[in-house]
Number of protein chains: 2
Amino acid sequence: MIQRAVREMEEYSVNRAKSEPKNGSMQATVIAEMRRRIIKGDIEPGAPLSELALADEFGVSRTPVREALKQLQTEGLVEIRPRVGTFVTIPSRREITELFEMKELIEGAAARLLAQRGRVPEIDLLERNLREADEAVERDDRERYAELVHEFHDLLVAGADNTKLQAHYRMLMNQLAYARLVMTSLSQPGRATQSDREHHLVLELILAKDGDSAEQVMREHVRASRRALLAGLPISGRHAGSGVASN
Amino acid sequence: MIQRAVREMEEYSVNRAKSEPKNGSMQATVIAEMRRRIIKGDIEPGAPLSELALADEFGVSRTPVREALKQLQTEGLVEIRPRVGTFVTIPSRREITELFEMKELIEGAAARLLAQRGRVPEIDLLERNLREADEAVERDDRERYAELVHEFHDLLVAGADNTKLQAHYRMLMNQLAYARLVMTSLSQPGRATQSDREHHLVLELILAKDGDSAEQVMREHVRASRRALLAGLPISGRHAGSGVASN
DNA sequence: CGGCCCGCACTGGCATACAAGAAGCAGTAA
DNA sequence: TTACTGCTTCTTGTATGCCAGTGCGGGCCG
């Protein structure tokens, strides 16, 4: 088959793997790298992940690869079908909606908590972030603005000073493969400007220590971003029917 | 063809509790059983888990045990210290607080969502649950009431009809080893009665489709249960004194 | 007598070999 | 031509052996 030839051609891209794993175990390297690829979108959702191929590529045996995939499964990034194969999770439209519902919940709570905490280092970082974001919007630099959006939300959650909240948030964002999606949402005309304005408002309310309003506005902001995203998303009538093994 | 004869011989090596007929996978069995033990408190927090010993006990090799422990680690139930050992996670007081903050958040949201959904099957189950709970309180059957409390909260979250919410909630509860804790909280005098009353109030608000109030009361209920719990908890003086994770 | 150091036993990490289900493919018969 | 059947070849699941880091205890030296 032709596909086989393609697969073999890509095997040389290992050069990075060997240089990093000095500190940690191989499986940690595999986990980090595979997660990065999936989130960034290097690997297409639904694509099969062969343990053997990955082991070969990373220059390790199947064992660490297996354990890495197992972890990525509980993180919701891949789906392991016993005796069949491992595949990159393809989130259904419904799942995306659910994830955004969670996102709204967590970020809203984070905004409230941050407001209650008063002036903490994250506040300064948020202000700096917004200054940069303003410039990016001015320049119409959507790539940079997407990064800053990501940072803004991360800072907000970090500022809530709740490691569990943060952990769940990260898992959420990974499942959303947010990096892939933000650009889509920003492709909506005027969305960047609007988004930037909403960020400013949230931070103002936080500075005013108005937790209730901060939460409410933040939640509305998430809903708006979801709308912008779904509007720019292809129809995607794919059936992601197989239940996610979430025992 | 020759190999076929061999396989039959080893078929019945594992014939203990077949609680998971759905998945014949050994590691799934190990995961489920170990999770049950940890959550239920059969294994003391901080206790070492030897791969070899577990493999021996379950009648399998180390491989499925390893993968099971790996998954339990990402679920936050055990901590694997490379080259040292695997230990049941000891949640610090701060972590417990954080987990309750999340619990409050999620259950509050669930109450709101359920209220918005109107009359769904879960509502009936909740009503039945409360009737039984009333009787249990009447009889002062704390054991049974603890079960019902668990079920009440589970039903509430299930009724929110958001699988992601449910998944995160389950992980949360597992980390809390809630089953261990509920009894502690109920040991506070009058807590059971109070708790039951709060449940009733929440359900009433849900039936009235008053999502805002339902969320608020639910959150207050969680805070109350946390207070009851922390009040009944020993003063952070850990029994297993050998340098556990300081967190 | 006390402190240091080396070695042993135990741990998990990784590689490798084998087993067995799943799925596609080819060949045959209707 | 089409549908069915059996096989071939994928895949993951499991077992086992070896390796390397860690911690502890006993022995040796000061």
Side-chain angles (χ1 to χ4, degrees), chain A residues 1-8 14 17-18 20-32 34 46-74 78-88 242 245, chain B residues 1-14 20-32 34 46-74 78-89 242-245:
Chain A
M1 293 297 187
I2 299 177
Q3 306 151 349
R4 184 159 316 226
V6 176
R7 187 180 288 180
E8 286 171 2
V14 193
K18 286 291 183 182
E20 284 212 51
K22 287 294 190 280
N23 57 349
S25 58
M26 291 309 293
Q27 54 177 286
T29 307
V30 176
I31 290 172
M34 293 306 296
L49 299 175
S50 164
E51 289 178 4
L52 197 59
L54 289 175
D56 206 43
E57 180 190 334
F58 283 94
V60 298
S61 81
R62 278 179 53 216
T63 310
V65 173
R66 274 184 65 77
E67 297 182 351
L69 291 179
K70 200 120 194 68
Q71 169 154 354
L72 292 179
Q73 180 189 35
T74 83
V78 307
E79 180 186 353
I80 300 178
R81 294 214 291 261
R83 309 238 171 229
V84 177
T86 303
F87 306 85
V88 178
S242 57
Chain B
M1 43 175 79
I2 305 175
Q3 305 129 352
R4 286 196 162 177
V6 185
R7 87 169 88 122
E8 327 256 324
M9 298 177 57
E10 305 174 85
E11 278 302 312
Y12 83 114
S13 56
V14 185
E20 294 279 333
K22 168 199 154 198
N23 194 344
S25 156
M26 276 297 134
Q27 51 178 286
T29 306
V30 176
I31 289 172
M34 293 306 295
L49 299 175
S50 164
E51 287 181 4
L52 198 58
L54 289 175
D56 205 42
E57 179 191 336
F58 283 93
V60 297
S61 80
R62 285 175 47 218
T63 310
V65 173
R66 274 181 63 76
E67 298 185 350
L69 291 180
K70 189 92 188 123
Q71 169 154 352
L72 291 179
Q73 180 189 36
T74 82
V78 308
E79 179 187 353
I80 300 178
R81 286 192 285 199
R83 318 288 179 183
V84 178
T86 303
F87 307 86
V88 179
T89 301
S242 63
V244 280

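Order of the sequence lines fixes the chain letters, A, B, ..., with proteins taken first and strands second; residue numbering starts at 1 for each chain.
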Report summary line: note: A/Arg81, atom CZ; C/dA22, atom P; distance rounded to Å ~ 12 Å
Query raised in the report: Would you say a side-chain N or O of B/Ser50 is under 4.0 Å from OP1 or OP2 of C/dC10?
Result: no
Requested in this report: Check the distance between D/dT11's P and A/Lys70's NZ and give it to me in whole angstrom.
Outcome: 18 Å
Query - Length of the CZ-C1' vector between B/Phe87 and C/dT11, whole Å - result: 9 Å
Report summary line: Walking DNA chain D from its 5' end, the first of A/Leu69 and B/Pro64 to be reached, judged by nearest nucleotide, is A/Leu69
Requested in this report: Examine the base of C/dT11 for any acceptor or donor lying under 3.5 Å from a partner atom in the side chain of B/Thr86, and report the outcome as yes or no.
Outcome: no
Report summary line: When rounded to whole Å, the CG to C1' distance for the pair B/Asp56 and D/dT16 reads 14 Å
Query raised in the report: A/Ser61 side chain N/O closer than 4.0 Å to the phosphate oxygens (OP1, OP2) of C/dA15?
Result: yes
Requested in this report: Would you classify A/Leu49 as touching base, sugar-phosphate or nothing, given that sugar-phosphate means primed atoms plus P, OP1 and OP2, and contacts are heavy atoms under 4.0 Å?
Outcome: sugar-phosphate
Query raised in the report: Got B/Glu57 and B/Leu54 here, is their nearest side-chain heavy-atom distance under 4.5 Å?
Result: yes
Query raised in the report: Given D/dT14, D/dT22, C/dA15, which nucleotide is nearest the side-chain atoms of B/Val84?
Result: D/dT22
Report summary line: Shortest non-hydrogen pair, A/Glu51 vs A/Val65, comes out as O-CG1, 3.9 Å
Report task. Give A/Gln27 one of three labels, base, sugar-phosphate or nothing, depending on what nucleic acid heavy atoms sit under 4.0 Å from its own. Result -> sugar-phosphate
Report task. Return the minimal non-hydrogen interatomic distance between B/Val78 and B/Leu69, and the atom names on each side. Result -> CG2-O, 3.6 Å
Report task. Report the distance from atom CD of B/Glu67 to atom P of C/dG13, rounded to the nearest whole Å. Result -> 12 Å
Query raised in the report: Think A/Arg62 has a side-chain N or O under 4.0 angstrom from the OP1 or OP2 of C/dT16?
Result: no
Report task. For residues B/Phe58 and B/Met26, determine if any side-chain heavy atom of one lies less than 4.5 Å from a side-chain heavy atom of the other. Result -> no
**Report entry** Residue whose nearest DNA chain C nucleotide is more 5′ - B/Pro82 or A/Thr63
**Finding:** B/Pro82
Query raised in the report: Over how many whole Å does the gap from B/Leu52 atom CG to C/dA9 atom C1' extend?
Result: 13 Å
Report task. Let me know the distance between CD1 of B/Ile31 and P of D/dG13, rounded to the nearest Å. Result -> 11 Å
Report summary line: Here the distance between atom C1' of C/dA20 and atom CE of B/Met26, to the nearest Å, is 14 Å
Report summary line: Testing C/dA15, C/dG21, D/dA20 for proximity to the side chain of B/Arg83, the answer is D/dA20
**Report entry** B/Lys70 side chain near A/Glu67 side chain, heavy-atom distance below 4.5 Å
**Finding:** yes
